[in-house]
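Working notes, structure below.
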Amino acid sequence: MNDMEASERMAVMSENAQWFEDNSPIMDEHKKENVVGVSYRVINAAMEAGDAAPSTPIGINLPNSNWIRSTHGSKSISLGNIVEAYNNAGGSSSVQEFYLTKEMQQRRIDHAKLAAKLHTAMHEVIGHASGKINPGIGTPKETLKNYSNTLEEARADLVALYYVYDEKLVDLGLMPSLDVGKAEYDGYIANGMMLQLRRLEEGENIEEDHMRNRQLVASWAYEKGMDEKVIEKKVVDGKTYFVVNDYEKLRDLFGQLLREIQRIKSEGDYQAAEALVEGYGVKVDADLHKEVLARYESLNMAPYSGFVQPKLEAEFNDSGNFVDLKVAEEGYVEQMLRFAKEYAFIKPGE
């Protein structure tokens, strides 16, 4: 179902896509002179199935083909009610557990939801649509091979991170203040450095592209800003925290990494791609991983969220005409058992 109000609000992002491209920290020769066909809609999903259920993506960006994007544009769709559900599922216990100061905690409580929505919008709309490949260079799938997806997700994230701390978003009426950007920086660094490790078993390396991307971005920024303590690792009462001390310098670091990853993509630099991903995005700090798992276990929080699909029941009047659609209550286990019974005729792969 279309969310007209949210779509109209976020269309501002698409309308200003050329401004974002022109003001990007990437090299001028890698900027698109004419960003075309970028569209963004917000919908509310009434039902999901297949690979989208019960654990779902929060948005879709198509097409995957780079040449179609550059020639004809792209279309992004955000699942508004899914984003809202994810944002409301965690509660405040994890905020208090993993963010050190009261100021950081309050900023996450006040602004994390909006920050997440803006990040998703910019990641999909201007992130994936930005930049261009040098003439004569093959597609990233050909040149960067197994590292192309990780670096593409990192590139889109960095576009979002760079602009979420920009007054332009305040001027466009998309956020009230740069505190939204600070909340996103706090959350992204905490997640990339440690929180997402809750999804791995002890001893595992990071294999999933989005997780590799987030650790790559966070750990690269942490290392490059270490001398100036842009991001500081603090251990208090045996618990590890990552604290952003300088948001302006962190934004500059995000811009530097965005510039380098766009160069790697534009030039097809496989060796640099390998060095970035393998050097920052794969290996896990075993002690920190063990600590994160223990802290999450104490909160009784699952590493992934799942959704119960609405059970829709039609109501008819005495004449047999449809009059209403009701949502029946059904638990997750009950739903899975019902699906197994009602849809047993569907074979895997069909």
Do E97 side-chain atoms and Y296 backbone N/O form a donor-acceptor pair below 3.5 Å?
no
Taking the side chain as C-beta and beyond, is there a heavy-atom pair between Y147 and E152 under 4.5 Å?
no
Pick out which of H30, K31, Q262, R155 makes a side-chain hydrogen bond (donor to acceptor under 3.5 Å, both in side chains) with S130.
R155
Closest heavy-atom pair and its distance - L158, I261
CD1-CD1, 3.8 Å
For S78 and E124, which I'm curious about, is there any donor-acceptor pair between the side chains at under 3.5 Å?
no
Check the surroundings of atom CD in E201: do more than 12 heavy atoms from other residues, nucleotides or ligands lie under 6.0 Å from it?
no
Assess the side chains of Y247 and D186: does a donor N or O sit below 3.5 Å from an acceptor N or O?
yes
Applying side-chain contact (heavy atoms from CB on, under 4.5 Å) between R212 and each of T150, N149, N205, report the one that passes.
T150
Within a strict 4.5 Å, meaning less than it, do heavy atoms of the I133 and P140 side chains meet?
yes
Side-chain contact test, heavy atoms from C-beta onward, threshold under 4.5 Å: evaluate it for K233 versus Y241 and give yes or no.
no
Can you see which heavy atom on E48 is nearest to which on Q309, and at what distance?
N-OE1, 2.7 Å
Answer with yes or no whether the side chains of Y188 and D157 bring together a donor and an acceptor at under 3.5 Å.
yes
Do we get K75 above Y40's six-membered ring, with its NZ or CZ under 6.0 Å from the centre and within 45° of the axis?
no
Aromatic ring proximity F254/Y185, centre distance under 6.0 Å
yes
If you measure only the distance, is there a donor-acceptor pair under 3.5 Å linking the side chains of Q105 and Q96?
no
For the pair Y163 and W19, name the ring-plane relationship: parallel under 30°, tilted 30 to 60°, perpendicular over 60°.
tilted
Under 4.5 Å between any side-chain heavy atoms of S55 and F307, yes or no?
no
Taking atom types as modelled and ignoring hydrogens, do the side chains of H289 and E202 form a donor-acceptor contact shorter than 3.5 angstrom?
no
